[in-house]
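Owing to the predicted nature of the structure, the values given are computational and were not obtained by experimental measurement.
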4 protein chains.
Amino acid sequence: MTKKPVKSVMPSAVRTKARAPAAGEAAPASNRATRAAERRAAIVEAAMEEFIARGFAATRLDDIAKRAGVAKGTIYLHFKDKESMFEELVRTVIVPVVARLTALPPPTGSVRDLVEAFAGDFLKEVIGTRRGDLVRLIVAEGPRFPSVADFYYREVVSRGIAAMRALIELGIARGEIREKNLARYPQILVAPAMIAVIWQSLFARHAPLDAQDMLRVHLDLIFGERRAT
Amino acid sequence: MTKKPVKSVMPSAVRTKARAPAAGEAAPASNRATRAAERRAAIVEAAMEEFIARGFAATRLDDIAKRAGVAKGTIYLHFKDKESMFEELVRTVIVPVVARLTALPPPTGSVRDLVEAFAGDFLKEVIGTRRGDLVRLIVAEGPRFPSVADFYYREVVSRGIAAMRALIELGIARGEIREKNLARYPQILVAPAMIAVIWQSLFARHAPLDAQDMLRVHLDLIFGERRAT
Amino acid sequence: MTKKPVKSVMPSAVRTKARAPAAGEAAPASNRATRAAERRAAIVEAAMEEFIARGFAATRLDDIAKRAGVAKGTIYLHFKDKESMFEELVRTVIVPVVARLTALPPPTGSVRDLVEAFAGDFLKEVIGTRRGDLVRLIVAEGPRFPSVADFYYREVVSRGIAAMRALIELGIARGEIREKNLARYPQILVAPAMIAVIWQSLFARHAPLDAQDMLRVHLDLIFGERRAT
Amino acid sequence: MTKKPVKSVMPSAVRTKARAPAAGEAAPASNRATRAAERRAAIVEAAMEEFIARGFAATRLDDIAKRAGVAKGTIYLHFKDKESMFEELVRTVIVPVVARLTALPPPTGSVRDLVEAFAGDFLKEVIGTRRGDLVRLIVAEGPRFPSVADFYYREVVSRGIAAMRALIELGIARGEIREKNLARYPQILVAPAMIAVIWQSLFARHAPLDAQDMLRVHLDLIFGERRAT
DNA sequence: CATGAATGAGGTTTCATTCAT
DNA sequence: AATGAATGAAACCTCATTCAT
């Protein structure tokens, strides 16, 4: 897999910080509330980068402020303190992901096609991207931020597991999947994808991993090898 | 799986600090060198606990010293600074694991039996234990300690991958494994085990995971379902 | 010579910290930039006192902060660390001295008169004052702060030597000085003044030295004894 | 002046540390007391080097011990603590210098010859040598070690001044010196020599100083220029 | 609202001194 | 007498948080 340009984790709507009102136009829709939201978004974005790069404890608010282009004090207008900033942050960033998850594509075609489409999405949107790093961040800081781990479990993991389980059961019912017990452990379905995420962060340098190919092999294992396509 | 009593990560030989000479015996092998080794071991043990509990940056040397029962300055007799302490530490703790890995049980019986035995070991020795936490620690701090990630890759990951690949190829040759492409991605074989490790740290509270059962299902997927045992 | 009241080494312009706005006037020019400059000046002043009293290594930043009336952290807003504080400090304090040196009085009268005027200045401004102590500080710490020694040589010593040499050559040309080789070693001209500086710091207690009289005798040696004035 | 090999500041009698008793001879005069004296001498020598190189506060006992080839604890068998070590040290090293001073060569020949001989000695034995550095060390640390300054004044400075004064008065009586007031300030006679000592430590790198030539010029100034030699 | 200078608690690290061996 | 591992006070420096402007 080739290195993609780093994608922002923020929904594009809030990433308008750089846009300066052209001379002449009267800062039209940019009332105070909007400006504030932009600032907050800039802080969130900057903080995410820093937290991912250094971890919670080693990240300096000074650096976040500098990267966000605001003064240090401004951060405290939006967040109570460093801890709650981290917690709110993760929530803010995860929400759109959840939205995606729940808006699954319409179930047309085989279960394998569905799963494969989902894996493709995951490859493009998570593995090797900033969002993948976020997953690693949660693994890293989870134990010290139970509220983050809780939130992540509730909003992402439990829903994801449930969705996978539904798919697996559908696959079993349709005869696409033979291993009936798989429905008890949807984790097995996503495990290689998670490993790929971690691998990219830690070992890509030593041994690049073709995540796409690996996921295909894994699906072959579950659905049986595909006939000539 | 129920929570096991926390196991020490230190080889038992060096964990004699607590042992008070029984009345009557004359301070047996406790020469200076031994005492120093004991102290170092105590520091390593304490540091590991603290690093696992709080991460590198948030761990205080004060707490390590207190837990190890030594003065703060004593740590600096054994380690240059906090960073190299962390790095040496991980090495020290990993080495016995590597020793285990290389001393694989003699290849008797089917490949599945071998893999199952190995999985059993892993369950007992890693998942849900301090050693499992260590894996999560490496995932968490790896990007900020490339030397640690490098070491871990070289000593554990690459060897483990190689060993798994050999087993898989054997399984394919013997007809136990049908999916031939699996040999290209031994990661798939271990992925659920890794997920189990992480799950225990982060989500066990919300949804306990029967790792043993999950691994069995995963092996069924690879080797085909077992007939009545 | 009697002990003079300790003179500040700071140009008076920046020493307004203590000055409380007289009742009635409205906090006049005290904008943020000014306040910052005042604080920095206070730190420089305090640091100089402490360094002179204890030397570089034995001086505690805590004491400097206390004396300057700022918090410890404030020092680090103005200086990178203790070492560069010391180096910048010496520069800051020396600069006005250099300015003085280069703005020598207009060459009226005999060379002897010129030199004598200069010696008088030196007596009043350096010997037995904080500035004299600074010279001793540089002698003391120079070998460990080559950059300080370099700066001092470049800005003070080499210029001073050059100026003295010019005066000596003038004196020789006019027939006021007979010893022609003196131009090769202007150090001889200033040596007793330097000795006086050191003497005041170290031995004044045991044997007070009338620096003024000594310098006069030394000039008699060089210019010939003065006739009745 | 060319760089001389570093000379030990210790009287040779006590510098026998390196001498190991040849096999066969029965460690003859090397009884306990002698060994102790050797160790002490080694400590003094090592400490002097370190103090000169780093100053009192920045010198580590660890380094002294290492350089002296003894354990850190051993230092405390000979000296109460770091401060008194420094004080005793300076005394120990200065004593032989004083002995020299008081054992002035027999007063043959002219006063100028005497003074010149003395200057020659000073050049060889002090300027640019470890002993010169010691003078700078005393200037540097004197204010924080009044007892050292006192001792130095009493044993070296006051005696030196007295001796110089005697010579000057003899010179005046014999008509070799015309400036009668010089006897009031023998400091003038030695000032250039002191300046040379300091110059070598601080500025030799930037502008080497021919101390011998400078001292000759200075004596010409005092005694009148020498006729053809 | 926004700023960023100022704070000071708290962290890492050093090193003079002690003391059991 | 000599050692050097151990101590812990004290130093330097960082950085989350506050608040006057």
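Using a 4.5 Å heavy-atom threshold, the side chains of Ile138(B) and Phe151(B) count as separate. Side-chain contact between Pro143(B) and Arg54(A) is absent, with no heavy atoms from C-beta onward closer than 4.5 Å.
The main-chain N or O of Val70(C) is never found under 3.5 Å from a side-chain atom of Thr74(C) such that the two would form a donor-acceptor pair.
Glu50(D) and Thr59(D) are not linked by any side-chain donor-acceptor pair at a separation below 3.5 angstrom, with hydrogens and angles left out of the test.
At whole-Å resolution of the value, NZ in Lys66(D) and C1' in dG4(F) are 12 Å apart. The distance between atom OH of Tyr76(B) and atom C1' of dA16(E), rounded to the nearest whole Å, is 18 Å. Distance Ile64(D) CD1 to dC15(E) C1': 12 Å, rounded to the nearest Å. Atoms CD1 (Ile43(A)) and C1' (dA16(F)) sit 15 Å apart, rounded to a whole Å. dG8(E) atom C1' lies 10 Å from atom CG of Asp62(C), rounded to whole Å. Atom CZ in Phe79(C) sits about 16 Å away from atom C1' in dC12(F), given to the nearest Å. Counting to the nearest Å, the P atom of dC12(F) and the CZ atom of Phe86(C) are 14 Å from each other. Remark: P of dT18(F) and CG of Asp81(A) are 8 Å apart, rounded to the nearest angstrom.
Under the 30°/60° scheme for interplanar angles, the aromatic rings of Phe56(D) and Phe51(D) are found to lie parallel.
Of the listed nucleotides (dT12(E), dA16(E), dC15(F)), dC15(F) has the atom at the smallest distance from the side chain of Arg60(A). Comparing dC12(F), dT12(E), dA16(F) against the side chain of Lys82(A) picks out dA16(F) as the nearest.
Lys82(B) approaches Ala57(B) most closely through the heavy-atom pair NZ-O, 3.3 Å. The shortest non-hydrogen separation linking Leu61(A) to Ile75(A) is O-CD1, 3.8 Å. In this structure, Ile43(C) and Met85(C) approach most closely via the heavy-atom pair CG2-SD, 4.3 Å.
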Original post:
In the 5'-to-3' direction, what one-character label does each nucleotide of nucleotides 2-7 of chain E receive under the scheme B = base within less than 4.0 Å of a protein heavy atom, S = sugar-phosphate only, - = no such atom?
Top reply: BBBSBB
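The only member of Glu88(B), Glu45(B), His78(B) that meets side-chain hydrogen bond (donor to acceptor under 3.5 Å, both in side chains) when paired with Arg40(B) is Glu88(B).
Both Ala57(C) and Lys80(A) lie near DNA chain F, and the one whose nearest nucleotide falls closer to the 5' end is Ala57(C).
With a 3.5 Å limit on both pairing distances and Watson-Crick or G-U wobble geometry required, the stems of 3 or more pairs in DNA chain E span E:2-21 with F:2-21.
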